[in-house]
Amino acid sequence: MSRKILVVDDDQKTRTLLKAYLEKNQYEVYLAHDGASFLAEFERYQSELSLVILDVMLPDTDGFALCQAVRRQSNVAIIMLTANSDETDRIVGLELGADDYIAKPYNPRELLARIKAIHRRSGIDSSVTPRYYHFLGFCLDTVERNLIDPSGALVVLTGLDFQLLKYFAEHSGQILDRNILAEQTRGRDVGPLDRSLDVQISRLRQRLHDDGKQPELIKTVRGAGYVFSAEVTASSTVIPPKS
């Protein structure tokens with residue numbers, strides 16, 4: 001289902017940073033700088049959007065008016081942003097049909113958590129998370145947080161190993177840049193001289209018996225990042241028979 005978000009904010013730096021952050025977390029983001037451009041973009045992408053983020057203070061209108069305009073024609077999820085800490089603004093926004101409300105300045109990770117929560121409630125992010133991921137005879141159990149190899153032996157994983165492998169399994173076939181992987185496993189970006197992620201990937205390759213010199217499972221894409229090349233099967237309750 002759609003993971004497309006439309007953001008309206010009159011501050012260019014805020015728009016740019018928010019777009020980059022959400023795109024790193026696998027969302028497709030459209031931007032608007034005022035009410036008029038928001039309505040034009042909303043008209044264009046309305047049927048594709050899963051959520052809109054409305055800044056309350058805009059140069060030509062306000063987020064409350066935009067919230068009303070959206071609700072007259074769509075049930076798309078709405079998050080409102082405001083620099084005003086007055087609880088009245090929050091109540092008004094919710095009464096007009098907003099799904100959530102965040103005061104500025106906000107932590108992008110909190111906004112991301114709110115977005116994910118709304119998507120889970122709406123069914124866009126499945127509320128039934130697969131427990132098992134199967135690939136090349138391996139079975140990753142996300143509840144017990146362990147890995148069984150094709151021979152049936154338990155593979156010891158550190159917490160970082162598990163987080164990295166789970167994210168790879170969830171995004172098999174996609175090129176993932178270094179900062180995305182670092183954000184998912186360490187909660188921060190990596191600098192150009194930071195080799196900790198490379199060390200972590202090298203260690204995970206060893207766990208998966210993937211040749212570090214010529215890896216076939218976790219492949220390096222020069223200048224772009226890494227790709228988990230295995231075909232992955234996910235299941236929620238039953239482990240398929242080993243191949």
Side-chain angles (χ1 to χ4, degrees), residues 1-130 167 170-171 180 183-184 187-189 236:
M1 298 180 69
S2 173
R3 290 166 61 88
K4 297 180 179 180
I5 297 174
L6 174 57
V7 177
V8 57
D9 195 300
D10 64 341
D11 184 81
Q12 182 178 356
K13 183 178 180 180
T14 299
R15 292 196 306 271
T16 302
L17 291 175
L18 184 54
K19 176 180 173 67
Y21 184 77
L22 292 178
E23 286 182 341
K24 285 198 320 183
N25 287 277
Q26 315 304 311
Y27 291 94
E28 187 172 344
V29 182
Y30 306 107
L31 299 177
H33 62 276
D34 60 15
S37 60
F38 169 82
L39 292 174
E41 291 294 277
F42 184 76
E43 185 69 24
R44 181 180 181 185
Y45 296 110
Q46 177 180 344
S47 63
E48 305 173 33
L49 296 173
S50 63
L51 185 141
V52 299
I53 298 175
L54 306 177
D55 186 18
V56 169
M57 299 299 293
L58 296 168
D60 59 343
T61 184
D62 60 52
F64 301 126
L66 295 182
C67 183
Q68 288 180 302
V70 168
R71 279 291 169 260
R72 283 196 291 267
Q73 53 188 312
S74 173
N75 289 321
V76 67
I78 298 173
I79 293 178
M80 302 193 73
L81 307 176
T82 181
N84 189 342
S85 60
D86 189 345
E87 186 178 13
T88 302
D89 274 4
R90 180 179 65 84
I91 295 172
V92 170
L94 296 175
E95 287 178 342
L96 291 175
D99 296 87
D100 208 343
Y101 204 98
I102 299 180
K104 292 182 175 181
Y106 57 85
N107 185 318
R109 295 182 71 177
E110 179 187 2
L111 177 58
L112 179 63
R114 303 283 189 96
I115 291 170
K116 289 182 175 180
I118 288 174
H119 279 164
R120 282 196 299 271
R121 292 197 297 268
S122 62
I124 291 172
D125 290 336
S126 175
S127 59
V128 181
T129 302
Y167 195 74
E170 291 171 339
H171 299 86
I180 288 177
E183 175 70 27
Q184 293 298 320
R188 60 174 175 82
D189 292 348
S236 297

### Query
Is the backbone N or O of Leu96 less than 3.5 Å from a side-chain atom of Arg71, with the two atoms forming a donor-acceptor pair by type?
no

### Query
Which pairs with one or both residues in residues 39-61 pass ring-ring contact (aromatic ring centres under 6.0 Å, His included), sequence neighbours excluded?
Tyr30-Tyr45, Phe38-Phe42

### Message
If you count every heavy atom of other residues, nucleotides or ligands that lies below 6.0 Å from Gln12 atom CD, does the total exceed 12?
### Response
no

#### Entry: Between CD1 on residue Ile79 and CZ on residue Arg114, distance to nearest 0.5 Å
7.5 Å

### Task
Please name the pair of heavy atoms, one in Ser74 and one in Val76, separated by the smallest distance, quoted to 0.1 Å.
OG-N, 3.0 Å

Do any side-chain atoms of residues 51-59 form donor-acceptor pairs under 3.5 angstrom with protein atoms, and if so which ones, sequence neighbours left out?
unit_1 : atom_1 : unit_2 : atom_2 : d
Asp55  : OD1    : Lys104 : NZ     : 3.2
Asp55  : OD2    : Lys104 : NZ     : 3.4

### Query
Given the rule in the side chain to side chain contact (heavy atoms under 4.5 Å, CB included) test, do Val8 and Glu41 qualify, once you have shown the distances and angles that lead to the verdict?
CA-CA 10 Å; Val8 57; Glu41 291 294 277; over 6 Å; no

### Task
Side-chain contact test, heavy atoms from C-beta onward, threshold under 4.5 Å: evaluate it for Asn25 versus Ile115 and give yes or no.
no

#### Entry: Other residues, nucleotides, ligands: >12 heavy atoms within 6.0 Å of Asn107 CG
yes

### Task
Of all the heavy-atom pairs spanning Ile5 and Ser50, show the shortest one and how long it is.
CG1-OG, 4.5 Å

### Query
Which pairs pass side-chain hydrogen bond (donor to acceptor under 3.5 Å, both in side chains) with one or both residues in residues 58-68, sequence neighbours excluded?
none

### Summary
Shortest non-hydrogen pair, Met80 vs Gly93, comes out as SD-CA, 3.7 Å

### Query
Any ring-ring contact (aromatic ring centres under 6.0 Å, His included) pairs touching residues 55-80, not counting sequence neighbours?
none

### Message
Closer than 3.5 angstrom, by distance alone: can the side chain of Gln46 be matched with the main-chain N or O of Gln73 as a donor-acceptor pair?
### Response
yes

#### Entry: Verdict with supporting geometry, Tyr27 and Lys116, side chain to side chain contact (heavy atoms under 4.5 Å, CB included)
CA-CA 11 Å; Tyr27 291 94; Lys116 289 182 175 180; 3.5 Å; yes

### Message
According to salt bridge (charged side-chain N to carboxylate O under 4.0 Å, His left out), does anything in residues 25-35 pair up with another residue at least two apart or in another chain? List the pairs.
### Response
none

### Asp10: partners by side-chain hydrogen bond (donor to acceptor under 3.5 Å, both in side chains), with sequence neighbours left out
none

### Task
Can you see which heavy atom on Ile118 is nearest to which on Ala77, and at what distance?
CG2-CB, 3.4 Å

### Task
Taking the side chain as every heavy atom from C-beta outward, state whether Leu18 and Asp9 have any atom pair closer than 4.5 Å.
no

#### Entry: CG on Leu22 to NZ on Lys24, rounded to 0.5 Å
10.5 Å

### Task
Without swapping roles, check the side chain of Asp99 against the backbone of Ile78 for a donor-acceptor pair under 3.5 Å.
yes

